[in-house]
Amino acid sequence: MSNRKEKKATPASSGGKKREGDAREIHRLQAILTDGFENRFRPLTLETPRCLLPLANTPLIDYTLEFLAFSGVEDVFIYASSHAEKIEEYIRGSKWNQPSSPIKNCQIIVSPTSTSVGDAMRDLDQKQIITHDFLLIHGDFIGNLSLDSVLEEHNKRRAISSKAIMTMVLREAGTAHRSKTRSETGIFVIEKGTNRCVHYEEVGTKDGDMTFLPASLIKAHSELQIRSDLLDCSLDICAPNVPVLYTENFDYQHHRRDFLNGVLRETDLYEMSIHAHILSDQYGARARSLQTYDAISRDITSRWAYPLCPDSNLGIDQAYSLKKGNIYVEDDVSLAKSTIINRMTILGSGTRIGENTVVGQSVIGRNCEIGDETEIECAHIWDGVTIGDGCKINNAIIANNVTLGNRCIIQPGSIISYGVKIAGGTTVRAGSRICNSSSKINDDDSDDEKRTDEDLVGIGGIGFEYEGSDDDDDDDDGLEGSLRDGLVFNMNHSNLSDSSISTISDDEDDSEDDMPGLKARLARSDSVTTAGSEDNDEAESWHKEASQSLFSAVEGDHPVEVASLELNGLRMSANASWHQVRRAVVTALVARVEQLVSKASKTIAAATETVFTRWSPLIKRTIFERKDQVDFLLIVQKECVDKKQGPTLLFAICQKMFEADLVEEVSVNAWWADERSSTDVGGMANVRKVTKAFVEWLAEAEEESSEVEDSEEDGEDGEEE
Amino acid sequence: MAPTAPTSTLQTPGLKWWLTHLETDFHHENSVELYVGALKRRVIRNPVPAAVGTAQLFLRLISSYRFQSIRQLVDYISGVEERLSAARPREMSVRNMVRRVVGIIREEAENNGMGDQFQEALRSEDFEEALQGGPTALKKRPSLMTVKSFAVAASNPSLTNVFEIFSHPSSSITSSATSSPPSTGVAKPQSSVQHDVRPAIIQDIQELIEELDSCETNLAEYAMNVIHRNEVILTYGFPSTVQRLLLRAAQKRDFTVVVVEGSLNVYRKTHNAVMNKDTANEEDEDAAELAARKSLQDRGIQVIVISDSDVINFMGRVNKVILGTEYVFADGSLLAPAGTKNIVRAAKARNTPVVVLSGSYALCPITTFFEDQWIEMGAPKTVDFQEGYVIDNVEMPNPMVDFIPGSYVGYFVTNNGIVAPNAMYRATLDLYHMSECDLL
């Protein structure tokens, strides 16, 4: 078959004879498989690399390798960075390493320093492994698309012009598809006819989101398709110059955001073209966030990825059979007579389920013990989990060897990581991420004293809340990644909102969009809503630019007017909201305070005093009404979360701002009462502990005064609700 | 064009890939495992490729396997069969081919005066357990050799021996051989068994493979018996067996063909087949052969494509319905591509005769009472994947095959003759030995 293809491609090429020569020594397509390089699955990925997380009771990487196997790829290089030893161990012990494996050459390249696709590609270039076109794929890809037609078109294009360096595989998926990542939608601008991708943007999926296309695009091309309905499989056939380009541009990290955008922007420089292959009838998707993990699990149970279905028993020791209603049951499952198994459910072997228990749309791993009268809906329960009687589990991920006592309630969006034990009668709040104390947390800001949190897991339980980390700003995905990613792994609930956050408004917006059900619960203020489009790249880059320029102004002690003018100019140019402006101001000022503390060795209080006195006019210009003050305080709090002396810093700033009359007492109280400020998640509650004294003092000092203000405060609260 | 841009290619695994593998790097253990994987991954699917692939595999396995007794060989084959059937219990041509291979061994054993050894092997408990204990869904199905024919048992001279076999399977070799001088079974020069039997077995398997290859051509031989002048023939999905038969008939007769385009699983293939294009399928045909073949239209036959909702309207004007099939059971019921049931019901309603074409590889010596277990479910193509809301809330089963009771069928055309549904069991048993069947 491949031969035939080769022949077809031949006439198109100019040097037909030469091609023939090439065809004789056939280069088999090689695949480079990389891990996700993202933190979206924390805390689950603290102990297991992402590609080994089970999806429908099979590790993710097996789906990817199966896909490669039935596409006929025989050489695979696996780039392992985090938990490389575990990946290596797994592959060595798996069928892929057997002599009978259809993948003849499965190499693992351990490269612990790689933190992004960019690093992996640079490493690849250095090692000179690649001599011809290769396939770039991620360890969380699942699909049954036929690669040979993609390759055929790619080769045709390559034969005409060697500048067609890359073909991206995209799947049509409508606008609101469950398998699309909700956090970032790629907008592809594609030239009709040639399928050449000429522009790429990433935006959130909120209505207010816009993207600007350069006018030159329209001028240069007669017919363009601007598409946001494409599901990016992150499956690319790349020419050998792709790694070279990465080396040339050492700052490229992300394959789409940096590389694709970079190449497209510099079209004149590189004269290279990147093409899209749009599929409309086969399946392909990536489990890149919890939300897509859940969606793809559903896709697998409803057989979209056929033949990658549980009952194909692709794993060596699997023995699933399909029952009506997409129920897959492995051998040796014991169900009580009154157990009800609803549709789209997978039950692994050795699992026992008690009387009157109802299980629906869930995946249950092997050797699980589930008690009587329990309800499990839309949950992912991995291996060896013990669940007591009368529990209610909805929309949750429960990892290996978790124990739940009797009458536990696990609310939607919860993630319970390896080995956690939840005592009987506990309610796990929606959106919690609980991990076991034995798991090590690599984040700088983790509080080492964190031990079992009995409020959370009940008396006798083991486990504590996982603190989301936003310390990896340098990693592109870190910021918004860890943020939205985690989120919404299901549409019907919210709340992961308070998971790991970099900007408060982000979560807010996401939750409002994705989960109407809980909208009312969440505090909403206009300033935040207008703050809108923070979570796209543009906002993020604006934030960086603005805070940096402001910081240099602060550092250089420029006049307030000049700095303010500059900031305003920036704001107008990007149509940024005042919320963003405030955020930039806070970031810059806090950074300055920190700088003073570390360099001029001032105390925090003194440094805050200096900086905030000097720049209070600027702050004033960003605050117009009372709720802006609240917003400002929230931003400050947020900013302090990941600072070393955050609590003290927050205290100092609050005090100073109150003194400088930048915030009123009412706002301080409103802020203090705000749900987003008091939440446990993301360390928000932690950071404000020190400030408590200040708020209490404030309350005392004002005790005698104003009932008026009390009533006002109530009003404010009401508004907030 | 830069000189340093060699293109990469890909060989999508399929039957061709598998045959190349057998040619180039066959390994008695790895190849079996690879084949199991290929079956599971559905890179080898559909009855014909699976039959050819299996027969070729066994040809290689038997030629490389060193055995000292017939029993050893049969045990070995049944062990492999167990793994293959567990991988794809619904691809029954795999099992059918093993049956044929076992049948070949039986014949050759008998020809060489080792018939009792063979029967010994069949009766051994290990063998039965191995076949019965398949880990997959189809446990209820009686296994390959469940029915020990009583004739076999009776032929054994000593009654105690029979009991002995059940209680001490390990002793059965020696005890069985007692019919001849006490220790012949063991003492007989071992290699001689291999020498006596193997070449003949290999030759027979090669004949079997040839039979598979010529199956469609043989079927087409019946064209003149099936199709008459000026008839209107309706077919579904236009499988290549039907296409060949019609082409053959078109050489001499003039008729009209109505093709029902079929369900989402087959309509593209149907359209390609009607237009005589490459079916882009790794079926058993060469591309060259396909291209050389004339289309029906070239031969002056009128071909009409209709949608399956029109079937009932057209049925009144149709003289005969000719269908392809995947598998035929011993009771005359059959599995055919999803949507076929629609056609046969319409045909029944209009009293139009239904003719089913079936190669011998598809005849399964099985009766079944659990229709559902034979139906493979495919991807839910019935709804567009883009309809995010719908696929969230709706279940969309997509069976790949329909189960059709034998009562709908007028007659079968096999490469061994024309058979009525209620005589199907007879035609099936001609192919296999009683003791290797799964009849109840």
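Below, all heavy atoms of this structure are taken into account, side chains as well, without hydrogens, waters or symmetry copies. Proteins come first, then strands; the chains are lettered A, B, ... in the order of their sequence lines, and each starts at number 1.
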Worksheet item: Do A:Q98 and B:N30 come within less than 4.5 Å of each other through their side chains, counting heavy atoms only?
Response: no
Discussion item. Heavy-atom pairs under 4.5 Å with chain B - which of A:S71, A:S100, A:A239, A:G72 has more of them than the others?
Written reply: A:S100
Item to complete: Show the numbers, then the answer: is there a side-chain contact (heavy atoms from CB on, under 4.5 Å) between B:E376 and A:Y306?
Response: CA-CA 11 Å; B:E376 171 112 355; A:Y306 175 87; 2.7 Å; yes
Worksheet, complete the sentence: Heavy-atom closest pair (A:A69 atom, B:P13 atom, distance to 0.1 Å) is O-CG, 3.5 Å
Worksheet item: Residues in side chain to side chain contact (heavy atoms under 4.5 Å, CB included) with A:L145, at least two apart?
Response: A:F67, A:F141, A:L147, A:V169, A:C233, A:L235, A:L279, A:Q282
Discussion item. Whether B:D392 and A:R298 form a salt bridge (side-chain N of Lys/Arg under 4.0 Å from carboxylate O of Asp/Glu) is what I want to check.
Written reply: no
Practice prompt. Supply the atom-to-atom distance A:Q318 CD to B:K40 NZ, rounded to the nearest 0.5 angstrom.
Written response: 8.0 Å
Worksheet item: Taking atom CE of A:M344 and atom CD of B:E395, what is their separation to the nearest 0.5 Å?
Response: 7.5 Å
Worksheet item: So, do B:K381 and A:W304 sit near enough that their side-chain heavy atoms are less than 4.5 Å apart?
Response: no
Worksheet entry | B:V383 portion near chain A, given a 4.5 angstrom heavy-atom threshold | backbone
Worksheet item: Can you tell me how far NZ of A:K323 sits from CG of B:D372, rounded to the nearest 0.5 angstrom?
Response: 11.0 Å
Practice prompt. Side-chain contact test, heavy atoms from C-beta onward, threshold under 4.5 Å: evaluate it for A:E172 versus B:F385 and give yes or no.
Written response: no
Worksheet item: Any luck finding a side-chain donor-acceptor pair between A:S312 and B:R42 under 3.5 Å?
Response: yes
Discussion item. Counting only non-hydrogen atoms closer than 4.5 Å, does A:D299 touch chain B with its backbone (N, CA, C, O), its side chain (CB onward), both, or neither?
Written reply: side chain
Item to complete: Nearest 0.5 Å please: distance from the CE atom of B:M377 over to the SG atom of A:C309.
Response: 10.5 Å
Response to the item:
Under 4.5 Å to a heavy atom of chain A? For B:N398 that would be neither
Fill in: Heavy-atom contact with chain B under 4.5 Å, split by part of A:K163
neither
Response to the item:
Under 4.5 Å to a heavy atom of chain B? For A:S101 that would be backbone
Discussion item. Is B:P380 in contact with chain A via its backbone, its side chain, both, or neither, using a 4.5 Å heavy-atom distance?
Written reply: both
Discussion item. With heavy-atom distances below 4.5 Å as the criterion, would you say the side chains of B:I391 and A:S302 are in contact?
Written reply: no
Worksheet item: Of the backbone (N, CA, C, O) and the side chain (C-beta and beyond), which part of A:A305 lies under 4.5 Å from a heavy atom of chain B, both, or neither?
Response: neither
Worksheet item: Does the pair B:R268/A:D281 count as a salt bridge with the N-to-O cut at 4.0 Å?
Response: yes
